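Okay, structure first, notes after.
One-based numbering, in listed order, for ligands and for the atoms of each. Just so it is clear, the model here is predicted, and its values are computed rather than measured.
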Amino acid sequence: MKLLEERIARDGIVKEGNVLKVDSFLNHQMDTALFSALGEEWARLFADAPINKILTIEASGIGIACVAAQHFGVPVVFAKKSQSINLDGAMYSSKIESFTHKRVYDVIVSKKFLGPEDHVLIIDDFLANGCAVLGLIDIIKAAGATLEGVGIAVEKGFQQGGKKLREMGVRVESLAIVDAMDAESGAITFREQPHQS
Ligand code: 5GP
């Protein structure tokens with residue numbers, strides 16, 4: 001999506017360690033008009049899918065998912081990061097390894113908010129190694145819900161997450177795919193995606 005690529009090229013900062021900082025518009029200060037444009041594009045791309053719920057993960061997925069959900073007219077559920085899992089059977093849980101924080105944590109979703117009747121679109125800000133999305137897919141499977149697809153704002157195409165998911169047959173629409181980035185020059189190369197706006 002050209003609008004997002006242009007914004008990343010203008011305001012994104014390439015850090016050492018393959019980290020792209022986009023905190024001036026995406027995951028700290030948030031440009032909600034941009035989020036709305038992302039939501040409109042996902043709604044266009046997934047127009048044929050019977051999505052009735054959006055699933056994301058705290059914290060940085062929540063803002064994007066909520067604004068995007070307005071273009072789908074469906075509720076958003078976010079997986080909560082939890083220190084202590086409540087073992088009374090009322091929650092689905094999965095373990096996720098954080099790319100940015102390098103640690104493993106549990107995420108939980110209440111059984112009240114996800115079930116076999118749900119057709120789910122996962123939305124998140126970044127796709128790197130895919131751990132976050134794979135954890136959410138585990139939860140969708142445990143709930144007996146149907147995964148309709150994954151909408152990502154920024155995919156780092158040089159990491160394995162996108163490849164893994166597409167090889168599993170998951171429909172992934174990343175609105176910007178960074179195929180290469182260089183911390184020294186700040187240069188960012190995007191993958192061509194002619195089907196996007
Ligand atoms: P994954 O689980 O796919 O390895 O990583 C996804 C999560 O890690 C995202 O939810 C995002 O919060 C964080 N993340 C991964 N790579 C980056 C990055 O380059 N920049 C930022 N800001 N967050 C990232």
**Study point:** Closest non-hydrogen atom pair between Ile177 and Gly157, with its separation
**Key:**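 That closest heavy-atom pairing would be CG2-CA, 3.8 Å.
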Check your understanding: Which heavy atom of Cys66 sits nearest a heavy atom of Val76, and at what distance?
Key ->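 Looking at all heavy atoms of both residues, the closest pair is CA-CG2, 4.0 Å.
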Run down the list [options] and name the one with the heavy atom closest to [atom].
| atom | options | result |
| --- | --- | --- |
| atom 20 (N) of ligand 1 | Asp125, Leu20, Leu127 | Leu20 |
| atom 18 (C) of ligand 1 | Gln159, Gln160, Lys156 | Lys156 |
| atom 3 (O) of ligand 1 | Ser98, Gly130, Gly161, Ala132 | Gly130 |

Check your understanding: Counting N and O atoms only, with roles assigned by atom type, does the side chain of Gln193 sit under 3.5 Å from a partner on the main chain of Ser174, one being a donor and the other an acceptor?
Key ->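 Yes, Gln193 side chain to Ser174 backbone: donor-acceptor pair under 3.5 Å.
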Hey, which atoms in ligand 1 end up nearer than 4.0 Å to a heavy atom of [X]?
| X | answer |
| --- | --- |
| Asp124 | 10 (O) |
| Ser60 | 12 (O) |
| Asn18 | 19 (O) |
| Val19 | 19 (O), 20 (N) |
| Asn27 | 22 (N) |

**Study point:** Member of Asp125, Asp124, Asn27 meeting the side-chain hydrogen bond (donor to acceptor under 3.5 Å, both in side chains) criterion with Ser60
**Key:**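 Passing option: Asp125.
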Look at [atom] and say which protein heavy atom is nearest, naming residue and atom and giving the distance to 0.1 Å.
| atom | result |
| --- | --- |
| atom 4 (O) of ligand 1 | Asn129 N, 2.8 Å |
| atom 13 (C) of ligand 1 | Thr100 OG1, 3.8 Å |
| atom 15 (C) of ligand 1 | Phe99 CD2, 3.3 Å |
| atom 23 (N) of ligand 1 | Phe126 CD1, 3.5 Å |
| atom 5 (O) of ligand 1 | Ala128 CB, 3.7 Å |

**Study point:** Pair His195-Glu173, side-chain donor/acceptor within less than 3.5 Å
**Key:**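 His195 vs Glu173: donor-acceptor pair found between side chains.
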Check your understanding: Is there a donor-acceptor contact under 3.5 Å linking the side chains of Gln159 and Asn129?
Key ->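 Yes, a side-chain donor-acceptor pair sits under 3.5 Å.
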Any salt bridge linking [X] with [Y]? Criterion: basic side-chain nitrogen under 4.0 Å from a carboxylate oxygen.
| X | Y | result |
| --- | --- | --- |
| Arg7 | Asp31 | yes |
| Arg10 | Glu6 | no |
| Lys2 | Glu5 | yes |

